[in-house]
Amino acid sequence: MGVLNVTPDSFSDGGEFNEPAAALNQAQALAAAGADIIDVGGQSTRPGAQQISVEEELERVLSVIEIIRPKINIPISVDTTSSIVAKKAINSGADIVNDISGGTFDSSMFSTIASLNVPLVLMHIRGTPQTMQQMTDYQDVIKEIYSFLSQQITAATTAGIKRENIIIDPGIGFAKNLEQNLEIFRRLAELKQLDCPILVGASRKSFIGRILKQPDPKARVWGTAAACCAAILNGADILRVHDVEQMREVSMVADAIHRQREIN
C-alpha cells in the first residue's frame, strides 16, 4: 500500500502532494514502482495534528481521487475516519476505506461501509492524534489491541459488514511508545487468531528515528526495511509504505522466505 498524503502537515511528506497534479504524478510513480494499493489521505494523523472540517477533507480527497482514478488501474484506499468522506470517496472511484479509529470516531461508519460493501481497515488507537501520545499505559499492549480489534470486528459484522471485507491494523505509533511498538512486531502473530488480513504501517515512523537517531523521516528507509521484514516474518499481509520501490524488493524476499512461495 503506497502512501499518498494530500495534506500540508503530514509528518513525512506534508505539502508535497496536496495539489492534484502533484498527487497524480506521485500516484503514477507509486503504481509504476509496484504498489498494489494507493492510500489517499486528506487529514494528517501525526501526533498533535489538528482536526480539519469534513468540507476541507472532502475538498482535498475528492479532487485527487477524481484525477487519479482514470489514470491508474490498482485499488485506491481512502484514509479517513468520516463516513461522509468515505461514502463520497467510494462514489468517486475509491475501493477501500482505511479508518485509523477502527470505526470509533464516527458512529455511522459501519452502517455506511455495510451499504457500500467495500473492504474496511480497522486500526487500533487510543484517544485522538491530539491526545494519543499521553495514552500509552497498557498492562499488555497486544492483549489490549486484540481485545479492541475483536470488539470492533464484532460490531462491524453486526452492522452488516462482511467478515471477508475486514482488514486489521495494530496501529504502530498510535498511542504506543518505542518499547510497545517493538513488542507489537515481536507478537504480531497473536493477531492472526482474529482471522483477518493484517496491515502494518511502520514506514518512516518516529520509533525508527529514535533507534537510528535519525530526525529526518525520509532518511529512515533502511530502518523501515527492517521493520517491514519483521512484519512479514510475523504475519503481516499488507504494508503501508512511502518508499514503494525499495520496500517492494524487501517484501518480495521476506515473503519468499516466510511463505515459501515459488519464485518465478
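It should be emphasised that the depicted structure is a prediction, and the values quoted were computed from it without experimental measurement. All residue numbers refer to positions in the sequence shown, counting from 1.
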Steps toward side chain to side chain contact (heavy atoms under 4.5 Å, CB included) verdict (Asn234, His258): CA-CA 9 Å; Asn234 287 296; His258 176 59; over 6 Å; no

Could you check Arg163 against Asp195 for side chain to side chain contact (heavy atoms under 4.5 Å, CB included), going step by step and ending with a plain yes or no? CA-CA 9 Å; Arg163 179 74 183 228; Asp195 198 28; 4.0 Å; yes

Side chain to side chain contact (heavy atoms under 4.5 Å, CB included) between Ile145 and Lys176, worked out: CA-CA 11 Å; Ile145 291 170; Lys176 286 95 177 174; 3.8 Å; yes

CA sep, side-chain torsions, deciding dist, call: Asp255, Ile232, side chain to side chain contact (heavy atoms under 4.5 Å, CB included): CA-CA 6 Å; Asp255 208 40; Ile232 289 172; 4.0 Å; yes

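Looking at heavy atoms from C-beta onward, Asp106 lies out of side-chain contact with Thr81 at the 4.5 angstrom threshold. Taking 4.5 Å as the limit, some side-chain heavy atom of Ile166 sits within range of a side-chain heavy atom of Thr157. Residues Cys228 and Val241 are in side-chain contact: their nearest non-hydrogen atoms beyond the backbone lie under 4.5 Å apart. In this structure the side chain of Asp140 reaches within 4.5 angstrom of the side chain of Ile142, judged on heavy atoms. A heavy-atom distance below 4.5 Å is not found between the side chains of Phe110 and Thr158. For the pair Asp79/Arg240, a side-chain contact is recorded, criterion being any heavy-atom separation below 4.5 Å from C-beta on. Considering only heavy atoms from C-beta on, Ile52 comes within 4.5 Å of Arg60 through its side chain. Contact check for Met109 versus Val97: side-chain heavy atoms found under the 4.5 Å cut-off.
Each of Asp36, Leu239, Asn98 was checked for a side-chain contact (heavy atoms from CB on, under 4.5 Å) with Met1, and the lone residue meeting it is Asn98. Remark: of the listed residues Val64, Asp99, Ile38, Val61, Val61 is the sole one forming a side-chain contact (heavy atoms from CB on, under 4.5 Å) with Val78. The one candidate from Asp237, Ile153, Leu191 that meets the side-chain contact (heavy atoms from CB on, under 4.5 Å) condition with Cys196 is Ile153. Remark: of the listed residues Thr131, Asp137, Thr104, Asp137 is the sole one forming a side-chain contact (heavy atoms from CB on, under 4.5 Å) with Arg126. In summary, of the residues considered (Arg220, Arg248, Lys218, Arg204), a salt bridge (charged side-chain N to carboxylate O under 4.0 Å, His left out) with Asp243 occurs for Arg204 alone.
Within 6.0 Å of atom CD in Glu245, 12 or fewer heavy atoms from other residues, nucleotides or ligands are found, so the atom counts as exposed in its surroundings. Atom CD of Glu144 is surrounded by more than 12 heavy atoms from other residues, nucleotides or ligands within 6.0 Å. Residue Glu249 places its CD atom among 12 or fewer non-hydrogen atoms of other residues, nucleotides or ligands, all under 6.0 Å distant. Within 6.0 Å of atom CD1 in Ile72, more than 12 heavy atoms from other residues, nucleotides or ligands are found, so the atom counts as buried in its surroundings. The local environment of CG in Asn73 is sparse, with at most 12 non-hydrogen atoms from other residues, nucleotides or ligands closer than 6.0 Å.
Once rounded to the nearest 0.5 Å, the distance linking CD1 of Ile208 with CH2 of Trp222 reads 13.5 Å. With values rounded to the nearest 0.5 angstrom, Ile168 atom CD1 is found 8.0 Å from Lys192 atom NZ. One distance of note links CD1 of Ile37 with CD1 of Ile167; it measures 6.5 Å at 0.5 Å rounding. Rounding to the nearest 0.5 Å gives a distance of 8.0 Å between CG of Asp39 and CG of Asn5. The structure places OG of Ser147 at 9.5 Å from CD of Gln152, a figure rounded to the nearest 0.5 Å. Note that the CG atom of Leu30 and the NE2 atom of His242 stand 10.0 Å from one another [nearest 0.5 Å].
Counting all heavy atoms, side chain and backbone alike, Thr112 lies closest to Ser83 at OG1-CB, 3.5 Å. Ala202 and Phe185 make their closest contact through CB-CZ, 3.7 Å (heavy atoms, listed as atom of the first residue, atom of the second, distance). Between Cys229 and Val250, the closest heavy-atom pair is SG-CG1, 3.5 Å. What you find for Ile172 and Gly201 is that their closest heavy atoms are CB-O, 3.6 Å. The two residues Ile74 and Ala31 have their closest heavy-atom pair at CD1-CB, 4.0 Å. When all heavy atoms of Ala27 and Ile68 are compared, the pair lying nearest together is CB-CG2, 3.9 Å.
A donor-acceptor pair shorter than 3.5 Å cannot be found between the side chains of Glu57 and Ser82.
Within the structure, every pair that satisfies the ring pair (Phe, Tyr, Trp, His ring centres under 6.0 Å) test and touches residues 122-176, not counting sequence neighbours, is listed here: His124-Phe148.
Both Ile76 and Val6 are assigned to one and the same hydrophobic cluster, defined by single-linkage of ILVMFWY side chains at heavy-atom distances under 4.5 Å. Under the 4.5 Å side-chain heavy-atom criterion for ILVMFWY residues, no single connected hydrophobic cluster contains both Ile90 and Val121.
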